[in-house]
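Below is one structure, written out as structure tokens; the observations come after it.
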Amino acid sequence: QVQLVETGGGSVQAGGSLRLACAASGYTFRLSCMGWFRQAPGKEREGVAGISPSGGSTYYPDSVKDRFTVSRDNRKNTVYLQMNSLKPEDTAMYYCAADLTGSWPCSLSSSRYTYWGQGTAVTVSS
């Protein structure tokens, strides 16, 4: 069965950094777009990073551009999210997701992603 497990969340002060990891199993990881999404209480789920199967293309919304970096290691079936210069508004539950539709380019729309992890919490204090 498909499984995505996020790790690396925690509490950090504003301006700090965290690195999230998502370990995937149960499908051909190297063929999928991978995405990171977040959701805070009372807010809509927001895509914060996407990466193409080879890792050659990445996608970010303006809210995190130049602060977050997504990468992947297809030998380890793992996708990462490096988060720098964190702000209190980055506080949310962060989810890893896999898009197996085969569509191109990859998307930050949650509707494209079929498989989701349990999430890891990120709290940024001011």
Task: Nearest heavy atoms of S32 and A98, plus distance in Å - done: OG-CB, 4.5 Å

Task: Minimum heavy-atom distance D90-V124, with the two atoms named - done: CB-CG2, 4.2 Å

Task: Min side-chain heavy-atom separation Q3-Y115 under 4.5 Å - done: no

Task: Check: P53 and C33 side chains under 4.5 Å, non-hydrogen atoms - done: yes

Task: Under 3.5 Å: donor-acceptor pair, side chain of T91, backbone of T123 - done: no

TODO: Indicate if V79 and V2 have the same hydrophobic cluster label, given that clusters are the connected sets of ILVMFWY residues with side-chain heavy-atom separations under 4.5 angstrom.
DONE: yes

- [ ] Indicate whether any N or O donor in one side chain lies under 3.5 Å from an N or O acceptor in the other, for S63 and E46.
- [x] yes

Task: Closest approach of S126 to P88 (non-hydrogen atoms, all atoms of both residues) - done: CB-CG, 3.8 Å

Open item on the list: Less than 4.5 Å apart, side chain to side chain, heavy atoms only: is that true for Y60 and V70?
Closed with: yes

Task: Distance, nearest 0.5 Å, that separates CG of L81 from CZ of R72 - done: 13.5 Å

TODO: Could I get the full list of ring pair (Phe, Tyr, Trp, His ring centres under 6.0 Å) partners for Y95, not counting sequence neighbours?
DONE: none

Open item on the list: Test side-chain contact (heavy atoms from CB on, under 4.5 Å) on M83 and T69; report intermediate values, then the result.
Closed with: CA-CA 7 Å; M83 304 185 294; T69 302; over 6 Å; no

Task: Connected via hydrophobic side-chain network under 4.5 Å: W116 and Y59 - done: no

Task: Residues S107 and S109: side-chain donor-acceptor under 3.5 angstrom - done: no

Task: Spacing of S54 atom OG and L31 atom CG [to the nearest 0.5 Å] - done: 11.0 Å

Open item on the list: I want to check something: taking the side chain as every heavy atom from C-beta on, are R67 and K87 in contact at a cut-off of under 4.5 Å?
Closed with: yes

- [ ] Grab the two heavy atoms, one from C96 and one from M34, that are nearest each other, plus how far apart they are.
- [x] SG-CE, 3.6 Å

Task: Heavy-atom pair with the smallest gap, counting every atom of A92 and R38 - done: CB-CB, 3.8 Å

Task: Verify same cluster id: I51, L100 (apolar side-chain graph, 4.5 Å) - done: yes

- [ ] Calculate, to the nearest 0.5 Å, the distance between atoms OG1 and CG belonging to T78 and L20 respectively.
- [x] 12.5 Å

Task: Check: G9 main-chain N/O paired with T120 side-chain donor or acceptor under 3.5 Å - done: yes

Task: NZ or CZ of R112 within 45° of W104 ring axis and under 6.0 Å - done: no

Open item on the list: Please give me the minimum heavy-atom distance between G47 and F37, naming the atom from each residue.
Closed with: CA-CD2, 3.3 Å

Task: Face-on cation placement of R19 at Y80 ring, 6.0 Å and 45° thresholds - done: yes

Open item on the list: Please verify the inter-ring angle class for Y94 with F68; under 30° counts as parallel, over 60° as perpendicular, anything in between as tilted.
Closed with: tilted

Task: Side-chain touch F29/N74, heavy atoms, less than 4.5 angstrom - done: yes

Task: More than 12 heavy atoms from other groups under 6.0 Å of CD on E89 - done: yes

